[in-house]
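The next block holds one structure in the form of structure tokens; read it before the comments.
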Amino acid sequence: MTIRVLLVDDERLIRAGLAAIINAEPDLTVVGEAADGADVPAEVKRVEPDVILMDVRMPKLDGIQATRRIMEGPEPPRVIVVTTFENDEYVYDALKAGASGFLLKRTRPEEILQAIRMVAHGDTLLFPAAIRSLAAAHGGAGGSGGGGARWHAQLTEREADVLRLMAKGHSNAEIAAELFVSPQTVKTHVGNVLGKLHARDRTQAVIFAYETGFITPG
């Protein structure tokens with residue numbers, strides 16, 4: 001199955017470079033391009049991409065608002081936000097809006113291709129150190145007050161352990177080894193955690209855990 005990619009960036013040269021890298025792969029194809037976030041909803045409807053590479057800063061509508069808009073639709077595509085700086089203040093908001101991860105514009109081509117394949121298959125680009133520092137910068141320790149305590153109580157002790165290990169960037173196999181359970185059991189726990197937090201994926205779950213003080217940056 002070919003993974004369909006939509007490129008969103010206000011710089012034509014960057015779009016052209018990404019398109020050349022992606023279209024050289026037999027399992028990837030660029031199905032559309034947009035120069036501004038305002039054009040994204042229409043392009044998503046027109047070309048039905050599996051993955052969007054979304055620039056964060058654009059002149060009319062930024063990548064955060066564009067991500068929010070497409071996440072409101074049925075079965076939205078996966079979004080990878082692309083930024084110049086790891087500590088870009090917009091990245092955290094884009095992840096909260098529903099993006100599955102982020103890449104730096106200086107990322108090597110092979111890593112970009114790997115990231116596209118990962119998110120297309122339902123994984124997330126979870127960078128523990130980066131999310132921890134972004135959460136700290138955005139005051140993510142206990143910001144949701146009592147609401148955080150309520151959902152904390154909904155988690156079983158094992159689900160809480162799984163969420164903490166998710167925040168460290170552990171895969172299901174690594175969590176299974178740490179907790180001495182099967183990968184299938186971990187998969188079930190992860191699903192339960194996402195359901196109780198109403199999180200689309202692991203990235204959203206970890207961000208919510210930081211924002212409610214369940215996990216503290218540092």
Side-chain angles (χ1 to χ4, degrees), residues 1-5 22 25-28 49-53 67 71 74-81 86 91-92 94-104 107-135 140 148-218:
M1 177 182 126
T2 301
I3 299 170
R4 301 165 60 82
V5 182
I22 293 167
E25 299 297 303
D27 61 328
L28 305 175
D50 300 304
V51 178
I52 300 176
L53 290 185
T67 298
M71 290 300 156
E75 298 183 5
R78 296 277 175 167
V79 175
I80 302 173
V81 293
E86 186 175 274
V91 169
Y92 192 73
L95 295 175
K96 285 177 61 179
S100 293
F102 71 93
L103 292 172
L104 299 177
T107 300
R108 294 180 298 177
E110 59 268 28
E111 293 175 340
I112 294 174
L113 298 173
Q114 181 185 20
I116 293 171
R117 294 184 178 108
M118 283 178 62
V119 300
H121 291 101
D123 294 325
T124 58
L125 302 176
L126 184 56
F127 302 107
I131 290 182
R132 184 167 58 248
S133 63
L134 286 167
R150 283 195 292 273
W151 74 258
H152 294 172
Q154 295 177 28
L155 298 181
T156 66
E157 184 177 348
R158 185 45 57 91
E159 289 166 355
D161 291 338
V162 167
L163 179 54
R164 292 186 187 96
L165 292 172
M166 285 167 55
K168 292 181 179 180
H170 286 19
S171 66
N172 283 2
E174 291 168 335
I175 295 173
E178 180 86 11
L179 300 179
F180 302 102
V181 297
S182 71
Q184 184 58 45
T185 297
V186 173
K187 185 176 180 180
T188 299
H189 287 317
V190 170
N192 290 341
V193 169
L194 298 185
K196 290 179 180 180
L197 272 58
H198 303 289
R200 184 172 186 237
D201 55 32
R202 296 163 88 105
T203 300
Q204 266 73 65
V206 170
I207 287 175
F208 191 69
Y210 275 120
E211 289 201 325
T212 57
F214 177 76
I215 300 171
T216 56

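Distance check, rounded to the nearest 0.5 Å: CG of Asp50 to CD1 of Ile116 gives 11.0 Å. The CE atom of Met118 sits 11.0 Å away from the CD atom of Glu111 when rounded to the nearest 0.5 Å. Rounding to the nearest 0.5 Å places CG of Leu194 at 9.0 Å from CG of Leu163.
A 4.5 Å side-chain heavy-atom check between Arg117 and Val51 finds every atom pair outside the cut-off. Looking at heavy atoms from C-beta onward, Leu165 lies in side-chain contact with Leu179 at the 4.5 angstrom threshold. Contact annotation: the side chain of Arg78 never approaches that of His121 to less than 4.5 Å [non-hydrogen atoms, C-beta and beyond]. Between Arg158 and Thr185 the shortest side-chain heavy-atom distance does not fall below 4.5 Å.
Heavy-atom minimum distance, Ile215 versus Ala167: CD1-CB, 3.4 Å. Of all heavy-atom pairs spanning Ala205 and Ala199, the tightest one is N-CB, 3.7 Å. Here the shortest heavy-atom pairing between Pro77 and Pro49 reads CB-O, 3.3 Å. Minimum interatomic distance between Pro76 and Arg200 (heavy atoms only, all atoms of both residues): O-NH2, 3.2 Å. For the residue pair Val81 and Ala99, the shortest heavy atom distance occurs at CG1-CB, 3.9 Å. The two atoms that bring Ala176 and Ser182 nearest to each other are CB-C, 3.8 Å, heavy atoms only.
Atom CD of Glu157 has 12 or fewer neighbouring heavy atoms from other residues, nucleotides or ligands inside a 6.0 Å radius.
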So Leu53 and Ile22, side-chain contact (heavy atoms from CB on, under 4.5 Å) or not? Walk me through it. CA-CA 11 Å; Leu53 290 185; Ile22 293 167; 4.0 Å; yes
Test side-chain contact (heavy atoms from CB on, under 4.5 Å) on Glu25 and Ile3 and set out the steps. CA-CA 10 Å; Glu25 299 297 303; Ile3 299 170; over 6 Å; no
Start with the C-alpha gap between Leu197 and Leu155, add the side-chain angles, then the distance that decides, and say whether side-chain contact (heavy atoms from CB on, under 4.5 Å) holds. CA-CA 9 Å; Leu197 272 58; Leu155 298 181; 4.1 Å; yes
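Panel note: side chain Glu159, backbone Val190; no donor-acceptor pair is recorded below 3.5 Å. A donor-acceptor contact shorter than 3.5 Å is absent between the side chain of Asp161 and the backbone of Arg164.
Residue pairs that meet the salt bridge (charged side-chain N to carboxylate O under 4.0 Å, His left out) test with at least one member in residues 171-194, sequence neighbours left out, do not exist here.
Between the side chains of Arg202 and Asn172, at least one donor N or O sits under 3.5 Å from an acceptor N or O.
Checked against Ile80 for a side chain to side chain contact (heavy atoms under 4.5 Å, CB included), the options Val5, Ile112, Ile52, Leu103 give a single hit: Leu103.
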